[in-house]
Amino acid sequence: MDVIGIAGWSGAGKTTLLTRVIPRLIARGLRVSTIKHAHHAFDIDQPGKDSHTHRTAGATEVLVSSAHRFALMHELRGNREWTLDALLEKLSPVDLVLVEGFKTQAHPKLEVYRQAVGKPLLHPEDENIVAIASDGPVNARVPVVSLDDTEAVADILVEKAAPLDVVVARVRSA
């Protein structure tokens, strides 16, 4: 299992890029999973549903299953947020894990950069940035591809991803 991140400032187009590149990676025969970091409280459960009732009653974990999918909700109940390495170890094996967010973690990352966002590049300050996808020219020490070139982005993600054990070791030692 290989891992690579997609990092960038809010509004740069990380999710949009992922929704375009995931089908390209799958067309290449890769099994792909994603981890998305949220900076805010979120809820995938709905009031009135049994799973929500179980959770609000105090259950630490609620697993909902059907013939099509399952979801495991884990309440931290005041405990610290899980680290990227712990989350990666929860995933079932696939060929490639794409991590959106976790921009301060020590895993290889493709930076998504749009000058119109008005924020500086992450690249000069983050040695874990292995490439940049941008909507314009960028002066960088790493490869730069166009945000519109989905195949080139897919190539970089596959080429620059690191094995899970390497990523876990880097994240834990950082």
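Below, all heavy atoms of this structure are taken into account, side chains as well, without hydrogens, waters or symmetry copies. In this text the structure is predicted, and so the values were computed from the model without any measurement.
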Legend entry - Test side-chain contact (heavy atoms from CB on, under 4.5 Å) applied to Leu63 and Phe70, step by step: CA-CA 7 Å; Leu63 195 145; Phe70 75 88; 4.2 Å; yes
Legend entry - Over 12 foreign heavy atoms within 6.0 Å of CG, Asp165: yes
Inset, instruction - Using modelled atom types only, decide if a donor and an acceptor are shared between the side chain of Arg31 and the backbone of Pro93 within a distance under 3.5 Å. - result: yes
Legend entry - side-chain contact (heavy atoms from CB on, under 4.5 Å) partner of Ile132, chosen from Leu147, Val112, Ile156, Val142: Val142
Inset, instruction - Report the distance from atom CD1 of Ile26 to atom CD1 of Ile22, rounding to the nearest 0.5 Å. - result: 6.5 Å
Inset, instruction - Kindly indicate whether the side chain of Val97, heavy atoms from C-beta on, has any atom under 4.5 Å from the side chain of Leu88. - result: yes
Legend entry - Nearest atoms (heavy-atom pairs only) where Pro108 meets Val3: CG-O, 3.6 Å
Legend entry - Nearest-0.5 Å distance, CG of residue Asp135 to CZ of residue Arg114: 5.0 Å
Inset, instruction - Identify the two heavy atoms, one from Phe102 and one from His107, that lie closest to each other, and give their separation to 0.1 Å. - result: O-CE1, 3.2 Å
Inset, instruction - Spell out, as yes or no, whether a donor-acceptor pair under 3.5 Å connects the side chain of Lys109 to the backbone of Gln105. - result: yes
Legend entry - Hydrophobic cluster membership, Val99 vs Val32, 4.5 Å side-chain cutoff: no
Legend entry - Qualifying residue, where the test is side chain to side chain donor-acceptor pair (under 3.5 Å) with Thr15 and the options are Arg20, Glu100, Lys36: Glu100
Legend entry - Pairwise distance CG(Asp148) to OG1(Thr150) - rounded to 0.5 angstrom: 7.5 Å
Inset, instruction - Determine whether Ile6 and Ile4 fall in the same hydrophobic cluster, where Ile, Leu, Val, Met, Phe, Trp and Tyr are linked whenever their side-chain heavy atoms lie under 4.5 Å apart. - result: yes
Legend entry - Polar side-chain atom of Asn79 near backbone of Leu76 as donor-acceptor pair, under 3.5 Å: yes
Legend entry - Any Glu111 side-chain heavy atom under 4.5 Å of Val138 side chain: no
Legend entry - Ile35 reachable from Val167 in the ILVMFWY side-chain graph, under 4.5 Å edges: yes
Inset, instruction - Keeping the roles fixed (side chain from Glu75, backbone from Thr60), state whether a donor-acceptor pair exists under 3.5 Å. - result: no
Inset, instruction - For residues Tyr113 and Lys119, determine if any side-chain heavy atom of one lies less than 4.5 Å from a side-chain heavy atom of the other. - result: no
Legend entry - Inter-residue atom distance Asp2.CG - Leu30.CG, 0.5 Å rounding: 9.5 Å
Inset, instruction - Report yes or no: do Glu61 and His74 form a side-chain donor-acceptor pair below 3.5 Å? - result: yes
Inset, instruction - Report yes if the side chains of Leu25 and Leu98 come closer than 4.5 Å at any heavy-atom pair, otherwise no. - result: yes
Inset, instruction - Quick one: pull up CE in Met1 and OG in Ser92 and give me the separation to the nearest 0.5 Å. - result: 8.5 Å
Legend entry - Single-linkage hydrophobic cluster Leu96~Val153, side-chain heavy atoms < 4.5 angstrom: yes
Legend entry - Nearest heavy-atom neighbours spanning Ala152 and Val145: CB-CG1, 4.0 Å
Inset, instruction - Count the heavy atoms of every other residue, nucleotide or ligand shown that sit under 6.0 Å from CD of Glu89, and state whether that count exceeds 12. - result: yes
Legend entry - Nearest atoms (heavy-atom pairs only) where Ala154 meets Arg28: CB-NH2, 3.5 Å
Legend entry - Approximate separation, where rounding is to 0.5 Å, of Leu18 CG and Leu110 CG: 9.0 Å
Inset, instruction - Might you point out which heavy atoms bring Ala162 and Val166 nearest each other, and give the distance in Å? - result: CB-CG1, 4.4 Å
Inset, instruction - Mark yes or no for whether His123, through its side chain, and Arg141, through its backbone, hold a donor-acceptor pair below 3.5 Å. - result: yes
Inset, instruction - Please indicate whether Arg69 has more than 12 foreign heavy atoms, meaning atoms of other residues, nucleotides or ligands, lying under 6.0 Å from its CZ. - result: no
Inset, instruction - State, yes or no, whether a side-chain contact exists between Asn128 and Val130 at a heavy-atom distance under 4.5 Å. - result: no
Inset, instruction - For Lys103 and Leu122, work out which heavy atoms get closest and say how close. - result: CD-CD1, 4.1 Å
